[in-house]
Amino acid sequence: NIQTNKEENKTKAIWIGRLDGEFKNNILIRVMKDLNNYGREKNKNNIELDIVGNGPGMHEIQQVASSLDFLNVNFLLEKRGEELRSIIKKSNLGFAMGTSAIEISACGVPTILLDFSYSPVPDNYRYRWFFESTGYSLGRSIELEKDGSMGNSMHMNDVIDSLNLNPESLSKQCFEYAINNHTSVIFDKKIAHILDTANSSFLEMKNLGLLKKPFWVFLKKLVRKIKG
């Protein structure tokens, strides 16, 4: 389902990603500071950021959060499955890289595709919507680019202003881009997880009749279960 702004004039953002203390922490800190600066500029304390993730960089992010006066940060630790999707759908703006960007967009939430850096992100870094990415990109190295803006054009002000102006359109574009270009990534990830956690043997499957022809019937049932 396509998501729209949940509360008028309120930004309920979400970050999904490991707090690694390295390349992900730096871009998250930039996002947090830019959201806070937007709130200060507008003199509005109505921006909330849910951080879904954990890791060795947690303490650094908590320290940054405590220093911000116009951004309310909630640390939700790691979430998965339906619980994670429920949290995403309560948001109206997502920030992520990698498959997390796909996951947020696939829930119909307008998503900013972030880039990564092992050093502090420059002040001239700019943002782009997920559907503005090219070449199936899920994030680029900021340090490898001469231009700190990464060729993007949006300040945080532009992100939130466009979100408030066209939430349905942004939701639809991010959702369709994720489904049309990256569905197989999500599917493959689920397949890999199921295979990694499976404890059945071929003998057990044979005894249950799962290996009888036509085998594709079993595969169709498996696909249906994964997609569901």
Side-chain angles (χ1 to χ4, degrees), residues 2-17 23-52 61 63-74 88-97 100-101 104-105 107-117 119-134 137-143 145-175 177-178:
I2 303 300
Q3 304 297 306
T4 59
N5 238 332
K6 306 299 184 299
E7 290 185 39
E8 192 68 26
N9 298 322
K10 179 177 180 180
T11 302
K12 172 88 169 160
I14 186 170
W15 153 281
I16 301 177
F23 66 92
K24 290 186 178 180
N25 267 44
N26 287 314
I27 189 63
L28 175 55
I29 290 170
R30 168 52 52 201
V31 168
M32 293 168 68
K33 290 182 175 179
D34 285 349
L35 285 171
N36 189 69
N37 290 339
Y38 176 86
R40 181 184 294 114
E41 181 180 315
K42 301 292 184 179
N43 195 28
K44 292 182 178 180
N45 192 13
N46 64 348
I47 304 175
E48 194 170 334
L49 175 64
D50 288 341
I51 294 181
V52 180
I61 299 302
Q63 284 187 313
V64 172
S66 66
S67 70
L68 305 177
D69 48 358
F70 283 89
L71 177 64
N72 305 305
V73 181
N74 305 311
I88 293 173
K89 291 177 180 179
K90 293 175 183 175
S91 310
N92 54 38
L93 176 61
F95 293 94
M97 66 182 74
S100 294
I104 299 173
S105 292
C107 288
V109 175
T111 304
I112 292 293
L113 178 63
L114 297 172
D115 302 298
F116 60 90
S117 176
S119 56
V121 176
D123 291 339
N124 67 332
Y125 179 77
R126 299 293 178 262
Y127 299 97
R128 61 176 172 162
W129 295 109
F130 187 30
F131 58 81
E132 294 178 318
S133 64
T134 58
S137 171
L138 292 175
R140 303 164 294 177
S141 172
I142 297 172
E143 292 158 307
E145 298 290 334
K146 294 181 180 178
D147 179 9
S149 73
M150 301 296 288
N152 304 332
S153 60
M154 291 192 296
H155 295 72
M156 186 62 76
N157 293 30
D158 301 318
V159 172
I160 298 179
D161 288 348
S162 61
L163 176 70
N164 291 334
L165 188 64
N166 298 303
E168 294 88 355
S169 174
L170 293 171
S171 173
K172 185 173 185 290
Q173 289 180 87
C174 285
F175 174 78
Y177 184 83

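If you read the sequence from its start, that first residue is 1, and numbering goes on from there.
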Please walk me through it: do Y177 and F131 pass ring pair (Phe, Tyr, Trp, His ring centres under 6.0 Å)?
-> CA-CA 6 Å; Y177 184 83; F131 58 81; 7.5 Å; no
Could you report the tightest heavy-atom contact between [X] and [Y], atom names first, then the distance?
X: P110; Y: C174; answer: CA-SG, 3.9 Å
X: R126; Y: D123; answer: NH1-O, 3.3 Å
X: A96; Y: I104; answer: CB-CD1, 3.9 Å
X: V109; Y: S91; answer: CG2-O, 3.8 Å
X: S117; Y: N26; answer: O-ND2, 3.0 Å
X: P122; Y: G148; answer: CG-CA, 4.0 Å

Working to the nearest 0.5 angstrom, can you tell me the gap between [X] [atom1] and [Y] [atom2]?
X: K33; Y: R40; atom1: NZ; atom2: CZ; value: 11.0 Å
X: N124; Y: H155; atom1: CG; atom2: NE2; value: 9.0 Å
X: N37; Y: K42; atom1: CG; atom2: NZ; value: 13.0 Å
X: L71; Y: I47; atom1: CG; atom2: CD1; value: 6.5 Å
X: S169; Y: L163; atom1: OG; atom2: CG; value: 11.0 Å
X: D161; Y: N166; atom1: CG; atom2: CG; value: 11.0 Å

In terms of side-chain heavy atoms, does [X] have a donor or acceptor partner in [Y] at a distance below 3.5 Å?
X: S67; Y: Q63; result: no
X: Y38; Y: D158; result: no
X: E143; Y: S119; result: yes

CA sep, side-chain torsions, deciding dist, call: F70, N43, side-chain contact (heavy atoms from CB on, under 4.5 Å) = CA-CA 8 Å; F70 283 89; N43 195 28; 3.9 Å; yes
Between [Y] and [X], is there a side-chain heavy-atom distance shorter than 4.5 Å?
X: I51; Y: L28; value: yes
X: S105; Y: F130; value: yes
X: I112; Y: M154; value: yes
X: L113; Y: F95; value: no
X: W129; Y: S162; value: yes
X: M150; Y: I142; value: yes
X: K12; Y: L93; value: no
X: L49; Y: M32; value: yes

Does S66 reach the main-chain N or O of V64 with its side chain, forming a donor-acceptor pair under 3.5 Å?
->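 No, S66 side chain to V64 backbone: no donor-acceptor pair under 3.5 Å.
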Would you mind telling me which of D147, D115, D34 makes a side-chain hydrogen bond (donor to acceptor under 3.5 Å, both in side chains) with Y125?
-> D115
Stepwise, does the side chain to side chain donor-acceptor pair (under 3.5 Å) test hold for E145 with S141?
-> CA-CA 7 Å; E145 298 290 334; S141 172; over 6 Å; no
Using side-chain contact (heavy atoms from CB on, under 4.5 Å) as the criterion, point out the one residue from D50, L114, V31, V52 that pairs with W15.
-> L114
side-chain contact (heavy atoms from CB on, under 4.5 Å) assessment of I29 paired with I61 | CA-CA 7 Å; I29 290 170; I61 299 302; 3.7 Å; yes
Test log, rule side-chain contact (heavy atoms from CB on, under 4.5 Å), inputs I16 and I88 | CA-CA 9 Å; I16 301 177; I88 293 173; 3.6 Å; yes
Derivation of the salt bridge (Lys or Arg N to Asp or Glu O under 4.0 Å) call for K10 and E48 | CA-CA 8 Å; K10 179 177 180 180; E48 194 170 334; 3.2 Å; yes
